[in-house]
Novice: 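Below is one structure. I have some questions about it.
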Amino acid sequence: MHKPSYPHPIIAREGWPFLAGIVVISILVTFWSPGASVVFWLLSLFVLQFFRDPARMAPDGANNVLSPADGRIVAVEEVDDTYAQRRALKISVFMNVFNVHSNRAPVNGSVVSVDYFPGKFVNAALEKASLENERNAMVIHTASGHTVTAVQVAGLVAKRILCYAKPGDQLYSGQRYGFIRFGSRVDVYLPLGSRPRVSIGDKVSATSTVLAELPEQ
């Protein structure tokens with residue numbers, strides 16, 4: 001086990017304006033009506049837990065594919081990876097509003113492409129969300145010659161996908177590369193022959209859960 005370098009654990013920077021705003025409102029309402037302020041303080045606690053962003057320990061293993069997000073596995077299947085033009089093993093992680101929404105790189109590698117696709121905002125737990133919802137696809141090439149695609153997919157209430165990686169960037173597994181505000185999912189497309197380490201319904205944690213093992217080259 002090792003702990004990947006992490007920029008700002010505890011609270012995600014994407015949440016600082018939201019948290020500051022709701023806390024200020026809660027304080028002002030408290031002066032006006034302590035009873036009425038309870039709702040705002042509860043909302044402050046919700047915003048605080050939503051934007052938590054803890055550093056995680058990562059399992060050792062050169063062929064490990066780490067979970068890019070916290071959540072529940074909703075798909076493990078062979079499909080067409082339209083972003084890398086191939087057949088692939090897809091593993092999908094669905095995040096509800098109580099999960100950590102910071103996204104981490106699943107493998108070490110070089111970013112080949114990052115493409116944004118506008119779309120709908122249907123429930124991200126549904127399979128059609130992978131192709132119909134707003135999404136951002138990042139294709140990574142590993143040093144061993146594998147191609148791994150990570151796709152951030154917006155959900156029913158998610159209105160902002162943030163991806164900070166750019167083509168040419170070198171990512172390390174567990175590195176923070178993006179964030180999705182509110183319920184959503186991340187699809188990971190792996191080379192055929194990869195061995196899944198999770199099943200549908202399993203709960204996973206970003207960085208610390210191994211989704212699959214890449215095949216030996």
Side-chain angles (χ1 to χ4, degrees), residues 12 14-15 46 49-54 56 64-84 86-107 111 113-140 147-165 171 173-191 194 196-212:
E14 293 85 356
F46 170 77
Q49 72 82 31
F50 180 85
F51 286 104
R52 67 195 188 281
D53 195 8
R56 297 277 175 76
N64 285 346
V65 178
L66 306 183
S67 179
D70 285 14
R72 176 173 56 88
I73 301 297
V74 293
V76 181
E77 59 186 341
E78 183 179 324
V79 299
D80 287 323
D81 176 3
T82 59
Y83 312 102
R86 57 170 179 165
R87 291 291 290 176
L89 171 69
K90 184 180 79 170
I91 301 179
S92 300
V93 180
F94 171 72
M95 296 172 276
N96 64 36
V97 294
F98 298 105
N99 292 130
V100 172
H101 277 59
S102 178
N103 298 145
R104 331 284 178 97
V107 293
V111 178
S113 63
V114 177
D115 294 296
Y116 168 79
F117 301 86
K120 302 177 182 178
F121 295 95
V122 302
N123 186 345
L126 301 177
E127 190 56 34
K128 65 179 181 179
S130 287
L131 297 177
E132 295 184 8
N133 278 19
E134 176 179 301
R135 57 201 183 278
N136 190 84
M138 178 176 66
V139 178
I140 304 170
T147 297
V148 174
T149 306
V151 185
Q152 298 166 288
V153 183
L156 188 63
V157 295
K159 301 300 181 184
R160 186 74 187 278
I161 295 175
L162 301 172
C163 179
Y164 307 117
L171 300 182
S173 57
Q175 179 176 345
R176 190 184 198 278
Y177 79 91
F179 197 93
I180 312 178
R181 291 177 185 162
F182 308 107
S184 47
R185 72 190 274 167
V186 178
D187 297 328
V188 181
Y189 296 84
L190 305 172
S194 298
R197 294 277 299 274
V198 293
S199 302
I200 293 176
D202 286 354
K203 292 184 178 180
V204 297
S205 298
T207 305
S208 57
T209 300
V210 177
L211 293 185

Novice: On a heavy-atom basis, which atom in Met138 and which in Ile140 lie closest, and how many Å separate them?
Specialist: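 Heavy-atom minimum between the residues: CE-CD1, 3.7 Å.
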Novice: Indicate yes or no: at least one non-hydrogen side-chain atom of Pro106 is less than 4.5 angstrom from one of Leu211.
Specialist: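 Not touching, per the 4.5 Å side-chain cut-off.
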Novice: Angle between ring planes, His101 versus Phe179, binned at 30° and 60°: parallel, tilted or perpendicular?
Specialist: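 His101 vs Phe179 ring planes: tilted.
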Novice: Could you walk me through whether Val65 and Ser194 pass the side-chain contact (heavy atoms from CB on, under 4.5 Å) test, one step at a time?
Specialist: CA-CA 9 Å; Val65 178; Ser194 298; 5.9 Å; no
Novice: Any ion pair linking Asp70 and Arg56 (charged N to carboxylate O, less than 4.0 Å)?
Specialist: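 Here Arg56 pairs with Asp70 in a salt bridge, since their nearest N and O are under 4.0 Å apart.
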Novice: What's the spacing between Ser205 OG and Asn99 CG if we round to 0.5 Å?
Specialist: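 One finds 8.5 Å between OG of Ser205 and CG of Asn99.
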Novice: Between Asp80 and Arg87, does any NZ, NE, NH1 or NH2 come within less than 4.0 Å of an OD or OE carboxylate oxygen?
Specialist: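 A salt bridge links Arg87 with Asp80.
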Novice: Distance check, rounded to the nearest 0.5 Å: Leu162 atom CG versus Ile180 atom CD1?
Specialist: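 If we round to the nearest 0.5 Å, Leu162:CG and Ile180:CD1 are 8.5 Å apart.
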Novice: Do the side chains of Cys163 and Val114 get nearer than 4.5 Å, heavy atoms only?
Specialist: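 Contact flag for Val114/Cys163 side chains = yes.
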Novice: Just verifying a value: how many Å separate Met95 CE and Ser102 OG, rounded to the nearest 0.5 Å?
Specialist: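 Rounded to the nearest 0.5 Å, the CE-OG separation comes out at 9.5 Å.
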Novice: Are more than 12 heavy atoms, taken from residues, nucleotides or ligands other than Tyr164, located less than 6.0 Å from that residue's OH atom?
Specialist: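 Yes.
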Novice: Between Phe117 and Val151, is a side-chain contact (heavy atoms from CB on, under 4.5 Å) present by the stated rule, with each step listed?
Specialist: CA-CA 10 Å; Phe117 301 86; Val151 185; over 6 Å; no
Novice: Identify the two heavy atoms, one from Lys90 and one from Val79, that lie closest to each other, and give their separation to 0.1 Å.
Specialist: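 Smallest interatomic distance, heavy atoms only, reads CB-CG2, 3.6 Å.
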Novice: Is any side-chain heavy atom of Arg104 closer than 4.5 Å to a side-chain heavy atom of Leu66?
Specialist: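 No, too far: nothing below the 4.5 Å cut-off.
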Novice: Yes or no on side-chain contact (heavy atoms from CB on, under 4.5 Å) for Ser173 and Asn64, after CA distance, side-chain angles and deciding distance?
Specialist: CA-CA 9 Å; Ser173 57; Asn64 285 346; over 6 Å; no
Novice: So, using salt bridge (charged side-chain N to carboxylate O under 4.0 Å, His left out) as the criterion, who are the partners of Arg176 when residues are at least two apart?
Specialist: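 Expected list: Glu14, Asp53.
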Novice: Which of these, Asn103, Asp187, Asn133, sits in a side chain to side chain donor-acceptor pair (under 3.5 Å) with Gln152?
Specialist: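 Only match with Gln152 under side chain to side chain donor-acceptor pair (under 3.5 Å): Asn103.
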Novice: Would you compute the distance between atom CD1 of Ile73 and atom CZ of Arg197 and round it to the nearest 0.5 angstrom?
Specialist: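 With rounding to 0.5 Å, CD1 (Ile73) is 12.5 Å from CZ (Arg197).
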Novice: Working to the nearest 0.5 angstrom, can you tell me the gap between Asn136 CG and Ile161 CD1?
Specialist: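 It comes to 6.0 Å.
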Novice: Applying side-chain hydrogen bond (donor to acceptor under 3.5 Å, both in side chains), can you list everything that pairs with Thr209, at least two apart in sequence or on another chain?
Specialist: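 Listed in chain order: nothing, the list is empty.
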